[in-house]
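Working notes, beginning with the structure itself.
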2 protein chains.
Amino acid sequence: MFVSVEHSISQLARLAGISSRTLRHYHDIGLLVPSRISSSGYRWYGRRQLLRLQRILLLRELDVPLSQMREILDGQTDELTALRRHRGELVGERDRLQQVIDTVERTIATLCGDSTVSDEEFFAGLAVGRSRLREDLADRYGAAAREHFVAAGEATAGWGRQDYQRAAAEGRHLLDEMSRARALGIAPDATEALDLVTRHHAQVLAVWPADAAAYHALGDLLLDNPDQRAMIAQVDPDLPPWLSAAIKAYAVHRLGHQPT
Amino acid sequence: MFVSVEHSISQLARLAGISSRTLRHYHDIGLLVPSRISSSGYRWYGRRQLLRLQRILLLRELDVPLSQMREILDGQTDELTALRRHRGELVGERDRLQQVIDTVERTIATLCGDSTVSDEEFFAGLAVGRSRLREDLADRYGAAAREHFVAAGEATAGWGRQDYQRAAAEGRHLLDEMSRARALGIAPDATEALDLVTRHHAQVLAVWPADAAAYHALGDLLLDNPDQRAMIAQVDPDLPPWLSAAIKAYAVHRLGHQPT
DNA sequence: GCTAGAAGTTGACGTAACGAGAAGGTCCAG
DNA sequence: CTGGACCTTCTCGTTACGTCAACTTCTAGC
């Protein structure tokens with residue numbers, strides 16, 4: 001006795017371990033057309049279809065999109081070439097995921113690593129750092145800068161320890177990206193650099209309503225203030241001058257600052 | 001002069017390096033609501049919104065889905081816990097991708113690696129293997145088995161070399177998975193094993209219309225035929241008895257075969 | 001022949017995270 | 001007062017199906 005070589009839709013689905021809805025979908029998009037359709041509209045699949053479905057499922061397991069499968073299966077594209085290209089895409093995606101994982105791990109470390117410092121010390125350190133920065137600004141750019149920092153105090157009033165740590169994590173993440181850009185030889189006034197500074201500017205704006213001149217001044221301050229400079233140099237020793245130049249370029253080109 | 005602390009939708013978009021459509025989307029789903037909406041319907045965003053957007057974009061860079069962001073940002077879920085769980089998901093996905101890459105690479109190797117063998121040798125080898133298998137079957141199960149293999153010849157008539165190689169690749173891929181299952185201690189008659197055999201059965205059905213008894217017989221044959229056994233043992237030395245048992249269990253439990 | 005239940009059919013909507021475009025209202029400078 | 005930049009809502013499209021809903025067909029039992 002021979003087994004029937006024709007399968008109904010759910011028989012084929014069971015054989016292949018997929019749903020009949022999937023088979024209907026493949027029919028809809030023309031990827032797998034039944035060998036025969038009965039007068040009542042039932043779909044029937046033969047051995048050729050089973051073979052094709054096997055190839056489809058193999059490709060599906062390889063994460064090949066259905067649109068590409070049609071090209072491959074209909075022979076318009078060489079299977080080997082397609083698989084090689086596809087492999088490249090997969091590797092790229094895997095590497096991207098790895099970068100994301102690294103970033104997440106650094107973020108986690110930042111959020112929970114410094115927990116050995118007590119809350120008092122933590123906030124005291126912040127306050128000292130901030131007041132020093134304020135004095136620096138006041139010395140150099142007059143009382144107006146002092147007012148700016150009053151506003152900064154207001155912006156972060158009510159922040160909890162987590163908020164500061166998160167802000168630090170985000171800042172470090174951005175510095176990482178800038179370091180990569182600098183290492184790639186991107187100039188501080190190149191478009192890519194200014195796009196990164198855009199995000200730095202946004203972070204500064206969130207805590208301090210700096211106008212073009214004040215932001216430009218920040219570019220100098222980062223180099224001259226030892227605390228600030230050390231913090232940045234910790235990420236990348238060559239970053240401070242690059243970032244300083246990038247910030248000043250941004251203030252001029254994107255904020256319309258007129259240097260005196 | 002203070003910079004305005006309020007931003008229009010496209011100003012904020014530029015600051016953050018995203019599209020205004022994205023901001024509208026975040027508003028629609030309640031992830032980032034503007035601080036103020038003017039009488040003409042314009043959206044206006046304040047510093048708090050800028051801060052929240054920064055957290056959103058950080059999470060977005062970490063591939064966190066928007067639905068989870070709401071939980072995290074609204075404090076229903078601990079940020080650290082969420083990030084740790086998310087890290088686990090990312091690692092899982094990366095590992096899955098790595099497995100897919102491995103499979104693709106093996107498939108490529110199979111498809112192009114044996115090209116040193118000439119076409120004549122390739123098909124001659126196949127013919128020998130097939131005729132031996134046929135004699136084995138005929139010896140043991142009578143002339144009916146011979147007829148089955150005539151049908152098998154018809155099914156593969158017109159196949160090209162690529163078709164055979166692809167079939168081999170698929171078969172090896174399936175054997176890989178079965179080997180993993182066996183190594184995990186899954187019994188040959190467990191549901192997971194039978195589900196894998198379902199796919200083996202489908203592959204066999206594609207080239208050979210075997211009924212329950214014939215498929216059951218194949219289970220024995222895999223063990224006794226040295227060529228077949230060697231091919232399977234090459235993937236995993238312990239696989240032949242496991243696969244043989246699994247095939248027979250499948251024939252009995254899923255195909256309703258009655259052993260005599 | 002009738003009927004219940006299994007299995008089939010065609011829509012149509014929902015998913016995630018927006019992009020693209022249409023049609024129309026608002027704002028500001030010259 | 002008018003042109004152009006900017007804003008609005010609405011809708012469709014994207015991927016690979018899951019999930020109803022409403023209806024028809026097949027098959028087995030009485």
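Letters go in sequence order (proteins before strands), and every chain restarts at 1.
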Hey, does the side chain of [X] come within less than 4.0 Å of [N]'s phosphate (OP1/OP2), counting only N and O?
X     : N      : value
A:R43 : D:dT25 : no
B:S20 : D:dC7  : no
B:S40 : D:dT8  : no
A:T22 : D:dA16 : no
B:S8  : D:dC6  : no
B:S38 : C:dT26 : no
A:Y26 : D:dA16 : no
B:R21 : C:dG21 : no

**Request:** Ignoring hydrogens and angles, answer whether the base of C:dT10 and the side-chain atoms of A:R24 contain a donor-acceptor pair closer than 3.5 Å.
**Result:** no

Gap between atoms [atom1] and [atom2], on [X] and [N] respectively (whole Å):
X     : N      : atom1 : atom2 : value
A:L59 : D:dA16 : CG    : P     : 12 Å
B:Q11 : C:dC27 : CD    : P     : 15 Å
A:D28 : D:dG18 : CG    : C1'   : 14 Å
A:L12 : C:dA7  : CG    : C1'   : 15 Å
A:L23 : D:dA16 : CG    : C1'   : 13 Å
B:I37 : D:dC6  : CD1   : C1'   : 16 Å
B:W44 : C:dT26 : CH2   : P     : 15 Å
B:R14 : D:dC6  : CZ    : P     : 7 Å

**Prompt:** Looking at the side chain of A:I9, which of C:dG19, C:dG8, D:dA16 is the nearest nucleotide?
**Reply:** C:dG8

**Message:** Could you tell me if the side chain of A:I247 sits less than 4.5 Å from the side chain of A:H216, heavy atoms only?
**Reply:** no

**Message:** Any heavy-atom pair between the side chains of B:R70 and B:L66 that's under 4.5 Å?
**Reply:**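 Not in contact.
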
**Prompt:** Judged by modelled atom types alone, do B:Y250 and B:H201 share a side-chain donor-acceptor pair under 3.5 Å?
**Reply:** yes

**Prompt:** Is a side-chain donor-acceptor pair under 3.5 Å present for B:Y215 with B:H200?
**Reply:**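 Side chains of B:H200 and B:Y215: pair found under 3.5 Å.
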
**Salt-bridge contact A:R254-A:D189 (side-chain N to carboxylate O under 4.0 Å)** =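 A:D189 and A:R254: not salt-bridged.
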
**Request:** Would you indicate what A:I29 reaches in the nucleic acid, counting non-hydrogen atoms under 4.0 angstrom: base, sugar-phosphate, or nothing?
**Result:** nothing

**Message:** Please compare A:S10 and B:V64 by the position of their nearest nucleotide in DNA chain C and report the one closer to 5'.
**Reply:**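 Its nearest nucleotide lies further toward 5', so the answer is A:S10.
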
**Request:** Tell me which of A:H27 and B:S39 sits closer to the 5' end of DNA chain C, going by the nucleotide each one is nearest to.
**Result:** A:H27

**Request:** Without swapping roles, check the side chain of B:R52 against the backbone of B:L31 for a donor-acceptor pair under 3.5 Å.
**Result:**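 Between the backbone of B:L31 and the side chain of B:R52 there is a qualifying donor-acceptor contact (under 3.5 Å).
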
**Request:** Could you check A:Y42 against A:H25 and say which one's nearest nucleotide on DNA chain D is further toward the 5' end?
**Result:**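 Here A:H25 is the residue nearer the 5' end.
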
